[in-house]
Amino acid sequence: MPGFSLFPLQNNFVHSSLILNIKEALNLIHMKQVFIPLMALVLFACQPKEKKMYVSSLPDIQQKVEEFKTVKLTTDLSALSEKEQQMLPYLFEAAKIMDDLFWKQSWGDKDELLNNTADENLKKFMVINYGPWERLNNNESFVDSIGEKPKGVNFYPADMTKEEFEAFDGEGKDGLYTIIKRNEAGALEVVPYNVAYREELNKAADLLRKAAALAEDEGLKKYLELRADAFLSNDYFASDMAWMSMKTNTIDFVVGPIENYEDALFGYKAAFESFILIKDKEWSDKLTRFAALLPELQKSLPVDAAYKSEVPGSDSDLGAYDALFYGGDCNSGSKTIAINLPNDPEVQLQKGSRKLQLKNSMRAKFDHILVPISQVLINPEQQQHVKFDAFFENTMFHEVAHGLGIKNTINGKGDVRTSLKDTYSSIEEAKADILGLFMVKQLVEMGELSNHDLMDNYVTFVAGIFRSVRFGAASAHGKANMMRFNYFEEQGAFSYNAERGYYTVDFDKMTEAMNALSADILVMQGNGDYETAQKMLADLGVIRPALQKDLDRIAKAGIPRDIVFEQGPEVLGLK
Ligand SMILES: [Zn+2]
């Protein structure tokens, strides 16, 4: 049959569910040669290649989406110079690339997922979760025929076991900026980020250089240039150091592979994210004076000298910012309201770390979530102690407290991060939570916080646990919160009135429990005690039935689960 190829027809028949089989088709060809091409066309048009559509496995996906309160991310742009305003479009574009890279790391092909989903609400929920697993519900799948979320997502091959990884002798296999793949022979292979994500990172580097060319602040200019270099070299040290040296910049841009929570298999791999931030100078000045007190606060920790022997960097600084964009990791699951960076222990030892408080998103969470929760669960007589200032302090000092304690074990087990393995993130968050509160108490005693009622911090702190504990056991923060809640309850730091259904904080017992838990965690970290950390998380890092009842009450009260952002140049009127 010259001039007539069977292949399109054949493919079509094979893939379609039409009754016609190949034999019948061939008969048709013999009988009506002229008619066949036309018929093939018709069949082709009627029977597009079978597509797999994603459908929700939950009864009411719209309600799931509505649990998120949408908040606009804006600020007063008149605080920016003309050139700073011109930088923003480049930053937004680079920030978006980080968002896309996180999709790639956590799920894979974003377009394939969204384009094959017809239900608009399901699509929205996928975007909120960066994939088909519900982050605020133990990463349960909400899409039909999608299995469990792989612990190592795309950082490791799906079929790789922990044992295989541990036996693998690959240089940089536990590095923050490498992924593990299988080569053609099926063996494990270490691939650095600048190779794995070359195209995207080249583009981002180019955008950062364009923004740097407009930067008037020398510190910001240098950081953006070095960050661009880091994308290409995969060595982030110099840019982290430069970021630490920025002091006078109004715009800040957190960008790159940063946190390791998404790697639930080992906690080694850094996930891509981005924040565009505008400094609130007034609040920042207020916060700066606390940074200088870190070494002194370290000395006051309630543990033996050996567990506080390292001197935290005193170059650390605290700043308050309004956020204009959250991209990637930090925009998935619960929204971060404070940042403590960089994570590189070497940079931390040399320069300390910077703490960025995201004031506009913090206020949104306090107003729309924390206050309504406290109205359900806190003794009405203690309601007046739920205050934004206390919430702000608790959150701020959580970040400062990451710099306290020690980074290296005291018994030669190496650094704390590596020796605590997969428990590290949860234990470190638990440490920061409890030491943050401990610090407020210390500062009150030191006379640094005048006219201060510590009870505000305690009650707001307990109300804050209910807010965070609703995230379930999936995140490091969630586990840390549950650990603290169960520990406090066992120590009598608060009591529960079952008849009225509310909690009452006991000031003195709360203080005792706080000191005891601080000591337990600092010692566990200093000893690099993986077994105790595992046991503590297994025993305490869980939601017990009594608490679940209260969480169900919160769920029924119609309080938003979290916030999501309307963000980007359009929201700011830049486009
Ligand atoms: Zn933290």
(request) Compare all side-chain heavy atoms of Ser361 with those of Tyr326 and state whether any distance is below 4.5 angstrom. (result) yes
(message) Using only atom types and a distance under 3.5 Å, with no angle test, would you say the side chain of Asn234 pairs donor to acceptor with the backbone of Tyr177?
(response) yes
(message) Once salt bridge (charged side-chain N to carboxylate O under 4.0 Å, His left out) is applied, do any residues pair with Asp206, and if so which ones, sequence neighbours excluded?
(response) Lys210
(request) Mind checking salt bridge (charged side-chain N to carboxylate O under 4.0 Å, His left out) for Glu428 and listing every partner two or more places apart, or none if nothing turns up? (result) Lys431
(request) Have a look at Phe272 and tell me which of Tyr130, Tyr193, Phe231 forms a ring-ring contact (aromatic ring centres under 6.0 Å, His included) with it. (result) Tyr193
(request) Any pair with a residue in residues 160-175 that passes side chain to side chain donor-acceptor pair (under 3.5 Å), sequence neighbours left out, goes on the list, sorted by first then second residue, please. (result) Glu164-Arg182
(request) Would you please name every residue forming a salt bridge (charged side-chain N to carboxylate O under 4.0 Å, His left out) with Asp550, sequence neighbours left out? (result) Arg553
(request) Give, for atom CZ of Phe68 and atom CD1 of Ile128, the distance between the pair rounded to the nearest 0.5 Å. (result) 5.0 Å
(request) Return each pair, listed once, that meets salt bridge (Lys or Arg N to Asp or Glu O under 4.0 Å) where at least one residue sits in residues 92-102; pairs must be two or more places apart or across chains. (result) Lys96-Asp100, Asp100-Lys110
(message) For Phe253 and Phe275, I'd like to know if the aromatic rings sit close, meaning centre-to-centre distance below 6.0 Å.
(response) no
(message) List the residues meeting salt bridge (charged side-chain N to carboxylate O under 4.0 Å, His left out) with Lys149, not counting sequence neighbours, and say none if there are none.
(response) Glu262
(message) Ignoring hydrogens and geometry beyond distance, is a side-chain donor-acceptor pair present between Arg484 and Asn481 at under 3.5 Å?
(response) yes
(message) Tell me which one of Arg467, Lys69, Lys365 satisfies side-chain hydrogen bond (donor to acceptor under 3.5 Å, both in side chains) with Asp562.
(response) Lys365
